[in-house]
There are 2 protein chains.
Amino acid sequence: MEESWSFLDTFEPNFRPLVVIELAKGTKEETIKWFTKRIVDKKVNGGAQLLVKQLENGDENVYLVGASHLRLLLGAETVGLVKECNDNSMRTFTYSSRKTFKDFADDNHNFLTMAECQYIIKHELENLRAKEEKIIPGYPQAKLYPGKSIVRRLLTSGILVQIFPLHDREELKKLRHSWYGRMKIGYQPLDEIRCYFGETIVLYFGFLEYFTFALIPMAVIGIPYYVFAWEDYDKYVMFATFNLLWSTVILEVWKRICAVMTYHWGTLLMKRQFEEPRPGFHGVLGINPVTGREEPVYSSIKRQIRIYLVSLPFVCLCLYFSLYVMMIYFDLEQWALDYHEENQSNFSSLMLFVPSIIYAVVIEVMNRIYRYAAEFLTSWENHRLESSYQNHLILKVLVFNFLNCFASLFYIAFVLFDMKLLRQSLATLLITSQILNQFVESLLPYWLQKRQKKRMKKHMCSPKTDLDLSLVEQVNLEREMGTYFGTFDDYLELFLQFGYVSLFSCVYPLAAVFAVLNNITEIYSDALKMCRIYKRPFAEPTANIGVWQLAFETMSVISVVTNCILIGMSPQVNALFSDSKMDLILTVALVEHLLLAIKFIMAFIIPDKPRDIQIKLDKLEFESLEALKQQQMKLAAESLKE
Amino acid sequence: MEESWSFLDTFEPNFRPLVVIELAKGTKEETIKWFTKRIVDKKVNGGAQLLVKQLENGDENVYLVGASHLRLLLGAETVGLVKECNDNSMRTFTYSSRKTFKDFADDNHNFLTMAECQYIIKHELENLRAKEEKIIPGYPQAKLYPGKSIVRRLLTSGILVQIFPLHDREELKKLRHSWYGRMKIGYQPLDEIRCYFGETIVLYFGFLEYFTFALIPMAVIGIPYYVFAWEDYDKYVMFATFNLLWSTVILEVWKRICAVMTYHWGTLLMKRQFEEPRPGFHGVLGINPVTGREEPVYSSIKRQIRIYLVSLPFVCLCLYFSLYVMMIYFDLEQWALDYHEENQSNFSSLMLFVPSIIYAVVIEVMNRIYRYAAEFLTSWENHRLESSYQNHLILKVLVFNFLNCFASLFYIAFVLFDMKLLRQSLATLLITSQILNQFVESLLPYWLQKRQKKRMKKHMCSPKTDLDLSLVEQVNLEREMGTYFGTFDDYLELFLQFGYVSLFSCVYPLAAVFAVLNNITEIYSDALKMCRIYKRPFAEPTANIGVWQLAFETMSVISVVTNCILIGMSPQVNALFSDSKMDLILTVALVEHLLLAIKFIMAFIIPDKPRDIQIKLDKLEFESLEALKQQQMKLAAESLKE
């Protein structure tokens, strides 16, 4: 059978639309022709060898992209997907060894999940590179150079409005049902979520679920403290010590659970792909020292200058501003207290909570405004890689949010020494921010989207359920949906929550209870958000929660320090060391150092991967080493025969 | 040209002996025959395809092993040597791409250094594996199983006395001259040392040299404190702060320097080989889950029981004993003080130093005895891998040595609060241990070996210089030399020295001066030791100083804590905070936490590899990813044509 890559571009009768490409209105015909030609063109000619179909949609330039089954399998090899073999081991998929994989059959079109197919198509589209073209045809201002990703240039020059994967209405319905449709508390269907949304998103939901379960012991232990109003120092010390060790253990155990999950999803074994410059990166054309290719180069010194001379001072200014707002809050608080003392009415005692609530709202608003500023600044710093951009953004946002949220609590605890106020502030801040978040993140967009959908359906003049929608209607509906910008905000919310729970846990044991309650509804509202409100996001393979692991670990180190100091300040402990303040402080310092040492030793001793996963990884490595050895022997023998 | 592996066993006229194999006296003829046959046998028959020659040496079973040039090149590929290419990049050597490597020529027998050749031969010998043999012929008690390394079994059953690489008298003379022959202070010839002794040893010498240079600023700044008897607190604080940050910086910079060196030596890029069980490992035959091969298996639970129920209590007992000895030392100290006060003579003031000196000697003796016990215990724990054995041994030894050496100093500083005694003890301990070490490590073996050499030469009845020795005489001489057991003791000595210098640096700034002086002579005496006293050790490729980096970093963290406390205890600082002890302690705690935070942030920010090395590594990774992609494309196209 004499076939080549070329046969892939023959039209497939059962064209399955996977990805939607929306070009700007009024894009020149010449550009469209060139772009679609590149998409369907053969690999040897530098094309992506995919299938493209225009959506019959009036004057708008919407295209559907699909691919033949064979093309997708070859793409799976290119992106380095890892799949389960017949012998239950996970291996990198290659087309030549396809028969050894579980569930593989030439006619089984479900071997790759739809999310994987869409990821492959996205990867192929993004790797569509300019050859000798100097510009995008029809747009002389949109410059190209050999090797530049065409899609990225089209995006940055505004010709390409968006690319997004299509929902699978039927699958989505099933997923919705098993995820949050049945009103029963239970584990999330993580494998199904992973198949539909990919690893990055399911890892967030997995972490959210795990974290909620991990908080339950803290919550359960915390309840009697509130109910019986336990104030004995030994009980508090026990609670705080338990919390500190527990927070270390849960973060270590998460790594292991994460390894187990991502091993079975195949992402633990996936090789890191070479990272291309991010779309927004710009610079003068030069030679990249790593690839030897011509591409934009931006001096690292210029970037450092921008970071240290502009971004850093700006962040410091914002921090100062946040502290200034905090001082205003304390003035308000004082005013409310005076007012209450003057009037002593029910209204005035309610007024006591008002400053905290206002402050909580202001904090949320400031966090969100700062977020935009941080994104703008980090983007202006012109990082070459998406990962470096993300790290700088996360660092900026974390530092500010940490100070913004916790500065007032630190001030109350360690300057005013007012434990009652601390407890009250903590509760108000925690609960207000949780309510605000739930509202802004899920309910508001849900409501907005529902309204819009209704309006659109009115346009179509025929009430239909989601499943009855024609393809054109589905695409038009999804085009208008909001875009999910990644798990950043969701992790950030969890991070701050972890701060509220752990930093002052020995003062307000009930925080864990609120966190658990919030997280249970959070799971449902986030699930709703993913399934109903946003466009389907592209699946992104990932093996861990990345820099967030470090962020959570740092927070748990800081919480050791704060809790030790709080316990040292409690009147019960002070009464114990009534003769010598010095002994008290020395004891607290000693205990703190011991706890920190135990933390680090525990983190060191607990292996990051469970034994059986480690053995499987070792086995794979051993096999590849053996294969290499065999190959060397063969090559050497051949070279001797020449 | 029709050649195969088989032609390698033709006798080469210029046989160059590289490695010496000494079998036990009276080894059965049958065994020798079988073993040598396996060494020279063809690869396809499971042999090592090396060359063997018996040494004409009376009744002793000494064999010389060599290899043809081609065999060595193929072996270099097997062990994964990394060499410099013509375009100045470092690449893994393969025989088929040999022409692209710098200095390669088919008749250039110096392309591989002698140390590399010896390493290859060692690797090949160790990978000589049993096939269907169930026992070693002639020794029914020495069991074999398929895949068991023959050489390791011969070693553990005592048939094989030793394997060691031969010195190259001429090269050694040159090396000696450029290393320590010329009596001038300067950099060591690290590249030459690396060519002769391999990476593990040269990394130790590189680290020793680097560390000495790094101590010089501390020593220089420390001298005026001694000369002018500066006791102002601000100067001490400055000195201690400088020390703390400096010790972080030097450890981070070392990583970078190490990366530069090992990149150019090729070991930074060398792939980790699959680790075989260590020779002493035993267990019942089972299936290894990783390799799927039949080999001894030892239950991890049994090992854990041995570690936690035997080793751990034993270590604790030793620690207790060490503390007990320390208390005796303080009694002695007190007695000496009383004696001095009674007599007030010159003799009695000298007597003041006697307890410290005795204690220093006792510490050294205890360290050495404990070392044997730790080795015995760790070996009894029956670790499967050499690396795991080493880690457990190092942990045991470090904990004990740390306590043994520094417990008395901690006691003096933080229980007795006697800074004068601390300074005196520190000086005595440091200097005594340095003198003892120099004596035991170098001078004693040197003297012993010199005496033995003289005796041997008398036997030979003809006084000759080293260069004139016949091969037989050289082998016989080297056979009797001591064996160098690795860099463990040398690093340990440096580690303890680092402790003396950094833990109490703000009390005794002169410690760095002594350390520098000691290290300069240490370089010379260690060089002497390597070149004159010990058998040549096998070169071991390595990319860093491994667990010692962690040990040094831990020490520098501990030293932040001790120094902060010491400064807090100084009378000058106490005078500053005369009204409130509490403020003092809080300030000290705050400063300590700040310093620790700065340390961790610095360690995080300073990249572990210099930019240019990182670019080179990225480039290599990019190339291999590209090659893989090309290969996949080719295979996919081929598979479509089928």
Side-chain angles (χ1 to χ4, degrees), chain A residues 1-5 7-8 43-44 70 73-74 77-78 80 94-96 98 271-274 289-292 300 550 557 561 565 580-582 584-586 588-589 592-593 596 600 611-612 614-623 625-626 628-629 632-633 635-642, chain B residues 1-5 7-8 43-44 70 73-74 77-78 80 94-96 98 271-274 288-292 300 554 557 561 565 580-582 584-586 588-589 592-593 596 600 611-612 614-619 621-623 625-626 628-629 632-633 635-642:
Chain A
M1 195 168 147
E2 185 67 350
E3 274 175 330
S4 77
W5 281 83
F7 94 102
L8 293 172
K43 264 279 176 190
V44 282
L70 178 59
L73 290 178
L74 292 172
E77 181 171 344
T78 312
T94 63
Y95 186 72
S96 52
R98 63 194 181 280
K271 298 272 179 311
R272 201 166 64 85
Q273 300 265 332
F274 185 77
V290 173
T291 59
S300 152
L550 187 67
V557 168
V561 181
I565 302 177
S580 164
K581 279 266 180 245
M582 239 183 77
L584 166 68
I585 300 176
L586 289 179
V588 169
E592 186 223 327
H593 282 84
L596 282 178
F600 282 112
R611 224 180 116 75
D612 56 325
Q614 193 57 56
I615 285 177
K616 281 173 184 161
L617 294 181
D618 289 348
K619 197 171 168 178
L620 275 179
E621 203 195 325
F622 173 73
E623 276 173 16
L625 283 174
E626 283 293 293
L628 197 73
K629 225 189 256 173
Q632 277 175 359
M633 295 274 279
L635 282 173
E638 273 170 25
S639 71
L640 283 172
K641 274 188 197 144
E642 274 165 20
Chain B
M1 194 167 144
E2 186 68 344
E3 275 175 334
S4 76
W5 280 83
F7 94 103
L8 292 172
K43 264 278 176 190
V44 281
L70 179 58
L73 290 178
L74 293 171
E77 182 171 345
T78 311
T94 62
Y95 186 70
S96 52
R98 62 194 181 280
K271 297 273 179 311
R272 199 167 63 86
Q273 299 268 331
F274 185 78
N288 180 322
V290 173
T291 60
S300 152
T554 311
V557 168
V561 182
I565 302 178
S580 164
K581 277 264 179 251
M582 238 181 77
L584 166 68
I585 300 175
L586 289 179
V588 168
E592 186 223 328
H593 282 84
L596 282 178
F600 283 112
R611 225 179 115 76
D612 57 324
Q614 193 57 55
I615 284 178
K616 282 174 182 160
L617 294 180
D618 289 347
K619 197 169 167 177
E621 204 195 324
F622 172 74
E623 276 173 16
L625 283 175
E626 283 292 295
L628 197 73
K629 226 190 258 173
Q632 276 176 359
M633 295 273 278
L635 283 173
E638 273 170 23
S639 71
L640 282 172
K641 277 190 197 143
E642 272 166 19

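What you are looking at is a predicted structure, and each value in this text was computed from that prediction instead of being measured. Residue numbering restarts at 1 for every chain, and letters A, B, ... go by the order of the sequence lines.
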### Spacing of OG1 belonging to A:T291 relative to CG belonging to B:L625, to within rounding of 0.5 Å
12.5 Å
### Query
From B:H593 NE2 over to A:H593 NE2, what is the distance, rounded to the nearest 0.5 angstrom?
5.0 Å
### Query
Residues in side chain to side chain donor-acceptor pair (under 3.5 Å) with A:D618, at least two apart?
A:Q614
### Query
Is the A:F600 ring parallel, tilted or perpendicular to the B:F600 ring (thresholds 30°, 60°)?
parallel
## Note on the structure
Greatest number of non-hydrogen atom pairs under 4.5 angstrom with chain B, of A:E621, A:K619, A:K616, falls to A:K619
#### Entry: Region of B:V557 in contact with chain A, defined by heavy-atom distances below 4.5 Å
neither
### Query
Is chain A contacted by the side chain of B:I615, its backbone, both, or neither, given a heavy-atom distance below 4.5 Å?
both
#### Entry: Residues in salt bridge (charged side-chain N to carboxylate O under 4.0 Å, His left out) contact with B:E626, at least two apart in sequence or another chain
A:R293, B:K629
### Partner of B:I585 by side chain to side chain contact (heavy atoms under 4.5 Å, CB included), out of A:V588, A:L584, A:I585
A:I585
#### Entry: Contacting region of A:E623 [heavy-atom separation from chain B under 4.5 Å]
neither
